[in-house]
2 protein chains.
Amino acid sequence: MTDQPQNAFRALADPTRRDILRMLTTQDMTIAQVSDRFDMTRAAVKKHLTVLSDGGLITVEARGRERINRLDPTGFAPVLSWLEFFDRFWDGHLDALKSAIEKDMQ
Amino acid sequence: MTDQPQNAFRALADPTRRDILRMLTTQDMTIAQVSDRFDMTRAAVKKHLTVLSDGGLITVEARGRERINRLDPTGFAPVLSWLEFFDRFWDGHLDALKSAIEKDMQ
DNA sequence: CAAATATGATGCCATTTGGTATCATATTAA
DNA sequence: TTAATATGATACCAAATGGCATCATATTTG
């Protein structure tokens, strides 16, 4: 982990990395397992996983010759905390926001 | 506006842009007003404002020769909605998450 | 031990990004 | 109208980013 929340926001800025995060909600995965799901080299995926790790969004556990990549929910804290600042600011606009979210969820 | 939530996440990935957003919580600002607060050219600031606008996080209202940049809370919806997916997934971890946020807020 | 496997590390490349400088255009003010 | 002001647009540049290819290293496995 390093600068916060910069590294977390940076990690979230790439669609591939966001897809990886969602994948990791279903199960922990090795680098090879993640790579199998993308049309890019293992090296490229590994770079993304490093960025996600720097952002604190995943943890990597060495297990023999494998590296288990696991979602780290606490890594989202700096992001949510930053966003929370706006949540407080809006206040009266929260309803509009909620409906906008619901509309977006469809 | 374009791809969602990609443009919003991309807009949030830069520290200068996040600072601009926080500034805009205190008051709507022209490009010149925003520029005055940063050690970079007006052109550079204008680029950031364009990215923020593409991300749907601000709206720009032309008023005479000025452009009023205004925070758009609804632009955060796609981001929050994406994050909400993880909120559902964690469930049992939410408490740890909350305390992590509080710790981060200090 | 030797071969296969999983990952790490490095170098290279094209594109994007964040910045500057400069000039054009549109409004306002004298 | 003319000058000043606020912004838009463009060209250019260095650094970062996302990708590939390749080789090195560490673990398993036969």
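Fair warning: this is a prediction, and the values are worked out from it, not measured in the lab. Basis for what follows: all heavy atoms, side chains included, without hydrogens, waters or symmetry-related copies. We name chains A, B, ... by the order of the sequence lines, and we start the count at 1 in each one.
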Return the value, rounded to whole Å, for the distance between atom CG of A:Asp19 and atom C1' of D:dG18.
15 Å

If you look at every strand shown and take non-hydrogen atoms under 4.0 Å, does B:Ala43 touch a base, only sugar-phosphate, or nothing?
base

Judged by atom type as modelled, is there a donor-acceptor pair below 3.5 Å linking the side chain of A:Thr50 to the main-chain atoms of A:Lys46?
yes

How many whole angstroms separate atom NZ of A:Lys46 from atom C1' of D:dG18?
15 Å

With sequence neighbours left out, which residue pairs that include part of residues 9-36 of chain A fulfil the ring-ring contact (aromatic ring centres under 6.0 Å, His included) condition?
A:Phe9-A:Trp82

Determine whether a donor-acceptor pair (N or O, by modelled atom type, separation under 3.5 Å) exists between the side chain of A:Asp14 and the backbone of A:Leu12.
no

Could you work out, with side chain to side chain donor-acceptor pair (under 3.5 Å) as the rule, every residue matching A:Arg70, not counting sequence neighbours?
A:Asp28, A:Glu61

Rounded to whole Å, CG of B:Leu49 lies from P of D:dA9 at a distance of 14 Å

A:Asp72 side chain to A:Thr59 main-chain N or O, any donor-acceptor pair under 3.5 Å?
no

May I ask you to say what A:Ala44 touches in the nucleic acid, namely base, sugar-phosphate or nothing, with a heavy-atom cut-off under 4.0 Å?
sugar-phosphate

Which value, rounded to the nearest 0.5 Å, describes the distance between A:Leu57 atom CG and A:Asn7 atom CG?
9.5 Å

Given D:dA6, C:dT7, D:dG8, which nucleotide is nearest the side-chain atoms of B:Glu66?
D:dA6

Walk along nucleotides 23-30 of chain C from 5' to 3' and tag each nucleotide B, S or - by protein heavy-atom contact under 4.0 Å, base first, then sugar-phosphate.
----BS--

Here the pair of heavy atoms bringing B:Gly75 nearest to B:Pro78 is O-CD, 3.2 Å

Grab the N/O contacts between the protein and nucleotides 14-18 of chain C below 3.5 Å, and write none if there aren't any.
{"residue": "C:dT17", "atom": "OP1", "partner": "B:Arg10", "partner atom": "NH1", "Å": "3.4"}
{"residue": "C:dG18", "atom": "OP1", "partner": "B:Asp14", "partner atom": "OD2", "Å": "3.4"}
{"residue": "C:dG18", "atom": "OP1", "partner": "B:Arg17", "partner atom": "NH2", "Å": "3.4"}
{"residue": "C:dG18", "atom": "OP2", "partner": "B:Arg17", "partner atom": "NH1", "Å": "3.2"}

What donor-acceptor contacts under 3.5 angstrom involve side-chain atoms of residues 30-40 of chain A, with partners at least two apart or in another chain?
{"residue": "A:Thr30", "atom": "OG1", "partner": "A:Gln33", "partner atom": "N", "Å": "3.1"}
{"residue": "A:Gln33", "atom": "OE1", "partner": "A:Thr30", "partner atom": "N", "Å": "2.8"}
{"residue": "A:Ser35", "atom": "OG", "partner": "A:Ile31", "partner atom": "O", "Å": "2.8"}

Which whole-number value in Å describes the distance from A:Asp39 CG to D:dG19 C1'?
12 Å

Taking only N and O in the side chain of B:Thr41, is any of them less than 4.0 Å away from OP1 or OP2 of C:dT20?
yes

B:Arg67 CZ to D:dA6 P: how many Å, rounded?
12 Å

Expressed in angstrom and rounded to an integer, what is the separation of B:Asp36 atom CG from D:dT5 atom P?
13 Å

What residues form a side chain to side chain donor-acceptor pair (under 3.5 Å) with A:Arg10, not counting sequence neighbours?
none

